[in-house]
Peer 1: 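Next up is a structure, given as structure tokens.
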Amino acid sequence: MSRRVVALTGNPNVGKSTVFNELTGMHQHTGNWIGKTVETSSSHFYYKFNDYTLVDLPGTYSLYTASKEEEVARDFLKSSELDCTVCVVDSTVLERSLVLVFQIMKLTDNIVILLNLTDEAKKKGIFVDDKKLSELLGVPVVKSTARSGRGINNLLEEIHLISTNAKCPKAKILLGEKDFGYDKAKEIAKAVVSQTMEQKESLFDKIMLSKFTSIIALVLIFAAVLYLTIRLSNYPSMLLKEFLDFIEMKLAQWLTSIGAAKWVVSLFVNGMLRVLFFVVSVMLPPMAIFFPLFSLLEDFGLFPRIAFNLDYPFEKCSSCGKQALCCCMGLGCNAVGVTGARIIDSPRERLIAIITNSLTPCNGRFPLLIAIISMFFAKNTFLSTAVLLALLLLSLMMTMLSSSILGKTVLKGVKSSFVMEMPPLRKPQFFKTVINSLREKVVFVLMRAVCVAAPAGVVIWLLANIKVNDISILTYMADFLDPVGRIMGLDGVILLAFILGFPANEIVLPIALMAYLSTSELSDYSSLSSLHQLLIDNDWTVKTALCTCIFALFHFPCSTTLLTIYKETKSAKWTLLSVLTPLLIGFVLCVMINFIL
């Protein structure tokens with residue numbers, strides 16, 4: 001039985017990824033922003049004893065412009081032997097969608113039009129006569145609401161009939177006409193679309209798209225997300241830590257009971273597992289809150305509005321509003337933000353977004369920032385949120401400044417155009433969005449951190465336990481770095497902790513504790529007050545805390561992000577620049593703070 005090939009095409013933000021998920025049973029991320037899918041995704045489905053490969057092509061408005069999305073979609077449609085092409089159309093803006101439909105119809109006869117988002121069209125009083133549209137175009141038309149699965153079975157049947165040649169599309173009478181474009185799209189849309197109510201701008205959009213209220217609203221929304229993350233993650237983190245500490249104790253007892261050497265127990269339990277458990281207990285609760293909240297806002301349609309509001313300032317900084325979306329993704333994980341830069345059409349602006357993404361603090365840096373803020377700058381959750389928000393705004397300012405400098409020097413070039421489609425606000429599918437976020441983001445990022453934390457624990461244990469003249473290598477390294485650290489308002493221990501924390505930002509603090517206490521095991525702390533006293537005893541001041549926060553914001557990317565940057569750019573030069581850019585900013589700011597305060 002040969003496998004038949006079906007292409008899935010359509011404009012950005014018409015629910016293409018949702019259709020893909022419904023047909024294949026996969027859970028591809030369905031972000032509500034423009035041009036999310038840049039590379040093709042493929043999977044399989046079976047229908048009536050036939051095996052189908054479904055290829056999800058990038059969302060595009062046309063097949064004849066120069067962006068990466070159009071190029072990928074056009075090349076696939078022209079070069080592949082397709083059995084069927086499904087063109088997903090937004091029922092609420094049929095006229096705009098038909099232009100792409102016409103272009104696809106010139107390439108293939110085996111096309112099915114899927115009128116998606118019919119639920120939103122109904123709410124807006126819009127009705128599309130699917131039968132009449134099918135007659136005018138000479139191709140099958142299926143109505144659907146992919147989010148709820150309505151119409152998918154009808155689509156499967158049409159794909160089957162066309163792919164097996166059981167149903168041949170009618171001859172298209174419009175193909176020879178010269179005005180087979182915007183004028184014809186307008187003419188057909190007028191013939192098949194009826195509207196019973198006037199469209200009004202929502203109150204939310206009046207606030208979010210106003211130049212007077214949008215920035216305040218965005219700041220308040222981010223503040224709310226940060227507040228909930230800080231407030232709700234403390235207690236679960238403590239419970240998880242107690243549970244993992246119990247497992248650690250039992251494993252140590254078991255290894256000892258079976259006669260394992262003391263150094264083996266120390267290496268395995270107090271080295272590898274302690275680092276691993278620390279990362280999990282510190283990282284999992286905030287991620288389990290932060291990622292679902294962001295996914296709900298994304299599903300609601302907030303991110304395109306962020307891009308719209310920040311397009312002008314980013315355009316002044318030699319980039320475009322889509323870079324703001326990369327920054328948002330970087331808050332969860334910089335590696336995700338780097339891959340998210342694929343949505344930017346211009347190669348030059350895409351590189352700027354990649355190089356500067358590490359200036360956005362990822363989820364792994366939040367625990368260190370929150371701990372230091374709580375100990376030295378704020379004693380309650382509200383004030384901690386305000387300070388953390390101020391640091392995030394500083395990171396945004398540095399991102400824009402760096403983008404501007406890069407755009408005027410090594411990445412100098414012509415600015416690209418930025419087409420901004422504002423998708424409608426949609427009620428998030430709460431449980432589905434949260435579950436998918438936990439599975440696809442939280443578990444993925446956590447497993448990646450686990451993979452680097454375990455070997456990092458072994459390396460750290462070895463550095464702390466291999467001694468020369470009764471002094472550990474860890475101590476020698478800290479002493480060597482101390483002069484540079486002092487110039488930056490830090491010390492050698494803090495600088496060493498950041499360097500050894502290269503595999504995962506979450507282990508910076510426990511490494512510093514190990515060095516301060518001069519122990520051969522990864523040190524822990526029972527409370528923020530005891531940690532605060534330990535840092536004070538090691539000559540920490542408010543200035544030290546501030547410089548540490550700044551360097552936590554601006555330092556080299558973690559190993560995972562760095563590898564992702566190289567894979568995306570395929571260039572050692574741009575990867576090196578991605579390291580030097582945040583590192584130079586962090587160094588300069590820390591030195592300035594040290595000499596001013």
Peer 1: Look up atom CG in Asp491 and atom SG in Cys547, then write down how far apart they are to the nearest 0.5 Å.
Peer 2: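 The SG atom of Cys547 is 11.0 Å from CG of Asp491, to the nearest 0.5 Å.
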Peer 1: In Å, rounded to the nearest 0.5 Å, how long is the span from CD1 of Ile216 to CD1 of Ile221?
Peer 2: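 One finds 12.0 Å between CD1 of Ile216 and CD1 of Ile221.
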Peer 1: So, taking the atom named CG in Leu331 and the one named SG in Cys326, what distance separates them when rounded to the nearest 0.5 Å?
Peer 2: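 Rounded to the nearest 0.5 Å, the CG-SG separation comes out at 11.5 Å.
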Peer 1: Under a 3.5 Å distance rule, please check whether Thr399 uses its side chain to pair with a backbone N or O of Ser395 as donor and acceptor.
Peer 2: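 The answer is yes, because a donor-acceptor pair under 3.5 Å joins these two groups.
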Peer 1: Examine distances only and state if a side-chain atom of Thr409 and a backbone atom of Ile405 form a donor-acceptor pair shorter than 3.5 Å.
Peer 2: yes
Peer 1: Of all residues at least two apart in sequence or in a different chain, which pass the side chain to side chain donor-acceptor pair (under 3.5 Å) check with Arg365?
Peer 2: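 With neighbours one apart ignored, the set is Asn334.
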Peer 1: Should we count CZ of Arg231 as having more than 12 external heavy atoms under 6.0 Å?
Peer 2: no
Peer 1: Just by distance, no angles: are the side chains of Ser318 and Glu349 close enough, under 3.5 Å, to form a donor-acceptor pair?
Peer 2: no
Peer 1: Can you find a heavy atom in the side chain of Ile344 that is under 4.5 Å from one in the side chain of Ile352?
Peer 2: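 Side chain of Ile344 against side chain of Ile352, heavy atoms only: no contact under 4.5 Å found.
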Peer 1: With no hydrogens and no angle check, just 3.5 Å: does a side-chain donor-acceptor pair link Thr544 and Thr541?
Peer 2: yes
Peer 1: Under the ring-ring contact (aromatic ring centres under 6.0 Å, His included) rule, what pairs show up with a residue in residues 545-567, not counting sequence neighbours?
Peer 2: Phe498-Phe551, Phe498-His555, Phe551-His555
Peer 1: Compare all side-chain heavy atoms of Trp574 with those of Ile355 and state whether any distance is below 4.5 angstrom.
Peer 2: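 Side-chain contact under 4.5 Å: yes.
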Peer 1: Show the nearest heavy-atom pair for residues Ala146 and Val19, with the distance to one decimal.
Peer 2: CB-CG2, 3.6 Å
Peer 1: Just by distance, with hydrogens left out, do Ser403 and Gln323 show a side-chain donor and acceptor under 3.5 Å apart?
Peer 2: yes
Peer 1: How many angstroms lie between CZ in Phe314 and NZ in Lys322, if you round to the nearest 0.5 Å?
Peer 2: 14.0 Å
Peer 1: Quick check for you: to the nearest 0.5 Å, what is the distance between Asp482 atom CG and Leu495 atom CG?
Peer 2: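 Reported value, rounded in 0.5 Å steps: 9.0 Å.
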Peer 1: Which distance, rounded to the nearest 0.5 Å, do you find between the CE of Met375 and the CG of Leu535?
Peer 2: 5.0 Å
Peer 1: Could you tell me whether a side-chain N or O of Asn594 sits under 3.5 Å from a main-chain N or O of Arg486, the two making a donor and an acceptor?
Peer 2: yes
